[in-house]
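Written below as structure tokens is the structure these notes are about.
Just so you know, these numbers come straight off a predicted model, no measurement behind them.
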Amino acid sequence: MSDQEEQMSGQPHARVGADHAGPVGAMDSAIVAVSASGMITAWSPWARHLLGHTAEEALGRPVERFLHRVAEGGAHPRWDHRILRVLRAGVPVDAGADSFTHRDGHPVMLAWSSAPIYAGEPGTEEREAGTVTGAVIVLQDVTERLRIEREQHDRMEQARRANSRLELVAEITTVLSSTLDENEVLRRLVRLAVPALGDWAEVDLLIPDGRVERVAATHREFSPADIARLEGPLPPLPRSPRGPLARVLHGAPTMVISGDDARPYSDEPLTAAQHELFQTMDAHNVIITPLAARGETYGALTLGYSRPRHGYGPDDRLVVEDIARRTGLVLANARLYTTQRNTAEAMQRSLLTPLPQPDDLRLQARYLPAALASWVGGDWYDAFPLADGATGLVIGDIMGHDLHAASRMAQVRNMLRALAWDLAAPPSTVLERLDAVMDAVSDAELATAVFARVERTTAGSWQLRWCNAGHPPPLLITHDGATTFLEEHGMLLGNPTLTGGRPDGTRELPPLSTLLLYTDGLIETRGTDLTDSLTGLRRHSAHLARLPVSDLCDQLLERMELSGEDDVALLALRVPT
């Protein structure tokens with residue numbers, strides 16, 4: 001054993017554990033040797049560099065005076081910590097990083113390992129007995145390594161947060177774009193924003209008639225009943241706003257404020273209402289951003305934290321503003337959709353004239369527009385007196401589902417009325433003339449229709465004569481619940497290349513029977529077999545046969561489980577006793 005090794009161990013014939021001899025010579029490592037009783041026997045110059053104590057101060061003194069590890073809360077642990085277990089167990093111990101106390105009191109982050117020193121040379125009886133005569137402790141400064149690891153962790157955390165924000169924005173965009181129901185859009189928005197962007201969220205909307213309303217709210221700890229009490233009408237928007245919400249609704253940019261910044265003004269009830277909300281939510285930090293698109297502000301999104309030390313930084317603001325812009329576009333589309341739908345439906349309904357009630361016949365009609373505004377348009381019904389005293393009945397469907405289809409429908413409807421009045425001819429002749437006129441003076445393309453005449457016979461009973469141009473078959477329902485589809489039908493209207501006649505059908509209408517004319521929206525549902533739908537129509541109609549004709553129409557529409565993907569027009573005639 002060399003003199004240097006004896007000086008390090010403090011005892012002759014001692015050996016450092018072979019597995020831990022490597023770090024001893026490291027240039028940036030401090031070496032401390034202790035005896036079996038824990039007294040310092042060696043203190044390298046690098047130990048002074050790391051811990052501040054000189055060899056003269058350390059040698060011969062208990063190691064616990066110099067190797068103070070900083071425990072949680074700042075207290076020093078007992079000296080018999082893990083670093084000296086090696087003396088008792090004879091098993092090497094190490095740690096990736098611990099906080100030790102420098103001589104001047106500041107903490108030093110050190111990695112360390114502790115290896116036993118055994119008595120005797122390898123192979124001797126003394127060595128075989130495993131007697132531990134001391135330990136070598138290797139200390140290394142890991143401050144720089146930990147700094148690099150923290151920076152890497154921070155970069156990874158920033159990247160993770162950025163990806164999370166992008167995923168959140170993408171999810172919100174997908175969810176909001178799946179509906180054009182304005183209120184549903186905003187309810188989904190606040191549910192997605194919490195807790196990802198705050199402890200609570202709410203939306204205040206400018207209603208087209210000038211009112212302000214809190215239409216959606218949520219809080220991570222509130223019950224649905226608590227939330228329901230927060231929603232509803234708010235005071236009107238002031239002309240000269242001072243409060244943050246009023247200013248944003250007037251077109252101001254995003255504002256990040258504390259919960260106390262929305263102090264109430266005696267002349268601004270809207271800000272007082274917002275201040276009351278902030279108190280209810282226990283708001284500490286709040287962001288308010290406009291929901292705007294195409295130069296118009298539709299409302300404001302407010303997000304907040306109820307927990308202290310949580311707030312909105314620049315990155316959070318960018319994410320919230322991005323989400324608000326996307327929501328504003330969805331709201332703009334929803335408003336446009338509503339306008340288009342109302343226009344199309346108003347146009348459609350204006351063409352569906354009031355029904356006559358001739359000679360004790362009872363007529364009822366129903367019209368349900370499609371769920372999508374762009375699909376409203378092509379279906380119609382009509383009933384009118386004819387020149388010879390009969391009553392004309394029409395059900396029809398123009399190809400297409402838009403305002404153009406509604407316009408073409410109006411053309412065909414008026415032409416059919418004129419032809420039916422002018423021609424004292426069978427229904428098939430009227431539809432043949434209509435086909436020719438459509439090709440000559442109308443831009444209408446394909447159409448289906450049933451034109452029927454209801455008239456008295458010389459015996460005083462009621463008779464139906466009809467012609468079907470490619471339309472779903474009328475259904476005759478007797479008073480006792482028997483049902484019959486009137487199957488005679490021919491080619492569609494509007495395509496001269498289609499050949500084949502359109503036969504007339506004739507059927508007596510029994511007393512108290514009901515004739516049902518309808519468009520395909522009543523029976524065609526995606527994913528459902530048409531035969532099954534027609535069977536369901538017969539079954540429901542049979543059960544409803546004895547109801548007043550108005551109730552029969554209403555309940556039939558309820559029972560048919562309509563998809564809303566197409567218009568539904570329904571015309572029912574009840575024969576008198």
Side-chain angles (χ1 to χ4, degrees), residues 355-368 381-386 389-396 426-428 448-469 471-490 502-524 529-562 568-577:
L355 299 175
Q357 304 293 339
D359 296 327
D360 296 328
L361 294 172
R362 290 291 173 262
L363 287 166
Q364 288 287 325
R366 299 290 185 270
Y367 171 73
L368 297 179
Y381 64 82
D382 201 3
F384 47 89
L386 298 172
T391 298
L393 304 178
V394 181
I395 194 79
S428 59
T448 67
V450 173
F451 172 55
R453 294 170 53 94
V454 180
E455 53 199 354
R456 282 187 182 274
T457 65
T458 55
S461 61
W462 291 94
Q463 178 179 272
L464 175 73
R465 286 198 292 165
W466 80 96
C467 183
N468 188 334
H471 199 79
L475 180 63
L476 181 62
I477 312 161
T478 63
H479 187 62
D480 61 2
T483 57
T484 305
F485 283 116
L486 307 183
E487 298 285 0
E488 293 85 348
H489 68 276
R502 297 188 184 94
D504 286 299
T506 303
R507 179 66 62 97
E508 182 178 346
L509 300 176
L512 297 179
S513 63
T514 303
L515 176 68
L516 193 65
L517 307 178
Y518 53 93
T519 56
D520 55 7
L522 184 70
I523 55 172
E524 292 185 359
D529 183 77
L530 181 58
T531 301
D532 293 339
S533 295
L534 289 171
T535 301
L537 176 60
R538 292 185 65 166
R539 183 176 67 254
H540 295 314
S541 299
H543 292 158
L544 303 172
R546 294 177 181 270
L547 291 180
V549 65
S550 60
D551 295 342
L552 183 149
C553 292
D554 293 335
Q555 294 201 27
L556 190 60
L557 291 174
E558 291 180 6
R559 297 189 183 193
M560 286 300 292
E561 299 180 358
L562 306 178
V568 177
L570 185 67
L571 178 62
L573 176 140
R574 173 67 54 82
V575 179
T577 304

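The residue from L515, L544, L512, T483 that alone fulfils the side-chain contact (heavy atoms from CB on, under 4.5 Å) condition with I477 is T483.
Contact of the L363 side chain with the L393 side chain is registered, since non-hydrogen atoms from C-beta on lie closer than 4.5 Å. The shortest side-chain heavy-atom distance between L556 and L537 falls under the 4.5 Å cut-off.
Closest approach of V549 and R362 over heavy atoms only: CG1-CB, 4.3 Å. Annotation for C553 and A572: closest pair SG-CB, 3.6 Å, computed over non-hydrogen atoms. Of all heavy-atom pairs spanning L552 and L547, the tightest one is N-CB, 4.2 Å. Closest approach of P474 to V450, counting heavy atoms only: CG-CG1, 4.1 Å.
In the displayed structure, R465 atom CZ is contacted under 6.0 Å by more than 12 heavy atoms of other residues, nucleotides or ligands. Surrounding CD of E487 are more than 12 heavy atoms belonging to other residues, nucleotides or ligands, all under 6.0 Å away.
With values rounded to the nearest 0.5 angstrom, Y518 atom OH is found 13.0 Å from L571 atom CG. From T506, atom OG1 reaches atom CD of Q463 across 5.5 Å, with rounding to the nearest 0.5 Å.
For the residue pair T514 / R574, a side-chain donor-acceptor distance below 3.5 Å is found, with atom types taken as modelled.
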